[in-house]
Amino acid sequence: SQTAMRFMPTELSLDKLRLAAGSCQACPLHGPATQTVFGQGNPDAKLMIIGEQPGDREDIVGEPFVGPAGQVLDAALLKVGIDRKEVYLTNVVKHFKFIESEPTGGPQRGKRRLHKKPDSREIFACRPWLEAEIAAVRPDTIVCLGATPSQAIFGRDFRLTSQRGKLLTTEWCQRTLATWHPAAILRMPDETRRERMRDELTEDLRTAVQVQA
Ligand code: URA
Ligand code: SF4
């Protein structure tokens, strides 16, 4: 099947990769989306944070984690004392996948674009971009937000509920850790549970940046 390899530039710098990913058509997601949302941040980052895919806001702005989930992430980073500009932020899939919902307030209200999970073919197709980003940045630590990036990095058997918050070694990185996805925190209806997940996200980020003695 088709992957983004076909769109890989010869020079694998982040700038060249970003440019090339801008015209990637390796899977159907590029069609309805506004633009490619490539990773962003410090090219020499010690910490790389990987999300699932851009959301509605990211699709419009063209940058990762600028919507509501990004605000949850920013708040957790702030608590740990990590400057967002120090890190490199990216996603497993670089185009927004959505379904258009029928408007509730009549046709003049406009359709809402509801996030839809990327399937395994799309994740597979987009994977070369993520691999190239990791190779270019060479972070000391990778944090995976939620099940999609966790399974992309740790393998399909990875279970977030049992492995969350543990620093593990993978073929990708010496220090790799999975934690809650900020959007999953926002979707949690129970407030007590939601606040606990926020605290756990913060705790896990702290673990990720802790310098080992
Ligand atoms: N959710 C993600 O997984 N990534 C983003 O960039 C924004 C929301
Ligand atoms: Fe290419 Fe990834 Fe976009 Fe699919 S989602 S078109 S593989 S950049």
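In what follows, residues are counted from 1 in the order of the sequence shown. Both ligands and their constituent atoms are indexed starting at 1 by order of listing.
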What's the verdict on salt bridge (Lys or Arg N to Asp or Glu O under 4.0 Å) for Lys117 and Glu52, showing C-alpha distance, side-chain angles and the deciding distance?
CA-CA 8 Å; Lys117 263 193 180 309; Glu52 181 179 78; 2.9 Å; yes
Distance filter < 2.8 Å from atom 1 (Fe) of ligand 2, protein N/O/S hits 1
Minimum side-chain heavy-atom gap Arg121-Gln2 below 4.5 Å:
no
Let me confirm one number: the CG-OG1 distance from Leu167 to Thr176, rounded to the nearest 0.5 Å.
8.0 Å
Asp190, CG: over 12 other non-hydrogen atoms inside 6.0 angstrom
yes
Can you tell whether the side chains of Asp199 and Arg196 come within less than 4.0 Å, N to carboxylate O?
no
Within a distance under 4.0 Å of any heavy atom of Pro64, pick out the atoms of ligand 1 and give their elements.
6 (O)
Region of Glu52 that comes within reach of ligand 1 [heavy atoms, distance under 4.0 Å]
both
Is the closest heavy-atom distance from His115 to ligand 1 below 4.0 Å?
no
Is there a polar contact, in the sense of an N or O pair closer than 3.5 Å, between His181 and ligand 1?
yes
Less than 6.0 angstrom from the centroid, inside 45 degrees of the normal: does Arg113 satisfy that with respect to the ring of Phe98?
yes
Which of the numbered atoms in ligand 1 are below 4.0 angstrom from a heavy atom of Gly51?
3 (O)
Nearest protein heavy atom with distance in Å, relative to atom 4 (N) of ligand 1
Asn91 OD1, 2.7 Å
Any side-chain heavy atom of Val92 sitting closer than 4.5 Å to one from Ile50?
yes
Please check this pair: side chain of Asp119 against backbone of Glu122, looking for a donor-acceptor N/O pair closer than 3.5 Å.
yes
Mark up the atoms of ligand 2 that fall under 4.0 Å of a heavy atom belonging to Val93, in ascending order.
5 (S)
With rounding to the nearest 0.5 Å, note down the distance linking CZ in Arg57 to CD1 in Ile60.
6.0 Å
Just say parallel, tilted or perpendicular for the rings of Trp129 and Phe38, cut-offs at 30° and 60°.
perpendicular
Students should be able to answer this: which protein heavy-atom is nearest to atom 2 (C) of ligand 1, and at what distance?
Gln53 O, 3.0 Å
Contact (N/O only, under 3.5 Å) between Pro54 and ligand 1:
no
